[in-house]
Amino acid sequence: MRNKIVAGNWKMNKTYKETKVLVKDLMKQVKGVKLTDTRVIIAPPFTNLQKASKMTKDCKIEVAAQNMHQAESGAYTGEISADMLKSIHVETVILGHSERREYFGETNELLAKKVDTALAHGMEVIYCFGEVLEDRKSGNHFKVVEEQIKKGLFHLTSDDWKNVILAYEPVWAIGTGETASPEQAQEMHAFVRELVAQRYISDVAEQVSILYGGSVKPGNAKEIFSKEDVDGGLIGGLMILQRSLKRYK
Ligand code: PEP
């Protein structure tokens, strides 16, 4: 059975002090939730990862990074390596978020390298993909998503996929308040699962969790998450993450 996952991308929000408060609150909430098959992952900024990781050591919350460099080490000012993350017990990394693609020029080819480095270090990858509004309007969305998945991930072995989580995030729905309908999310998730099934054996496609991200809120979380091929959500709004967790109570 696939894991259900609720993941929170904190983006560039929260100071060290604020992180302690928020993590404490989330830990309290998670305590009261039945989470047998559900994973809760938070991705605070780099400066707060170690604290969050220490605080959540004995609870259901896992900590992920929002990005990582593809090189092992070296002259890459301002960057963070897989080894650095692992040294503070961060075992999961979000790669290919649309904000990284758009503002930092991250391409599918670069992301393939980042994915390789993360997996080579035994890390788990949350690989984000999704179309912009023009692609959706012109009916190009399946083609764009197919390319993001193929170029970023289809060089992997079946075994590598045990450490891959997918996150479909239509760019037009991120932080805009506009959400893909549950049907639109299901349609894309089923399309992606079929793509994976065609490239690999169907077991790989069946076991990979595909999250939806894009203005998930308490009012729509339940309906979206209940779709057959939607295995949870990647949520950017922090208050919304707190309130969506309550949906699992
Ligand atoms: C995100 O940034 O991954 C995201 C889904 O943001 P939001 O929930 O704010 O749309």
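None of these values were measured; they are calculated from a predicted model. Order of appearance sets the numbers: ligands from 1, and atoms from 1 within every ligand.
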Heavy-atom closest contact ([X] atom, [Y] atom, distance):
X	Y	result
H121	E72	NE2-OE1, 2.8 Å
R101	G96	NE-O, 2.9 Å
L156	Y200	O-OH, 2.7 Å

Exercise. Is there side-chain contact between Q29 and D25, with heavy atoms separated by less than 4.5 Å?
Worked result: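 Q29 reaches D25 side chain to side chain.
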For this session: Verify the distance criterion only: is there a donor paired with an acceptor across the side chains of Q186 and D229 at less than 3.5 Å?
Result: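 Note: Q186 and D229 side chains meet the donor-acceptor criterion.
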Problem set entry | ligand 1: protein residues within heavy-atom distance under 4.0 Å |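 Residue list for ligand 1: N9, K11, H97, E169, A173, I174, G175, G213, G214, S215, L234, I235, G236, G237.
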Exercise. Given the rule in the side chain to side chain donor-acceptor pair (under 3.5 Å) test, do Q66 and W10 qualify, once you have shown the distances and angles that lead to the verdict?
Worked result: CA-CA 8 Å; Q66 297 174 20; W10 295 23; over 6 Å; no
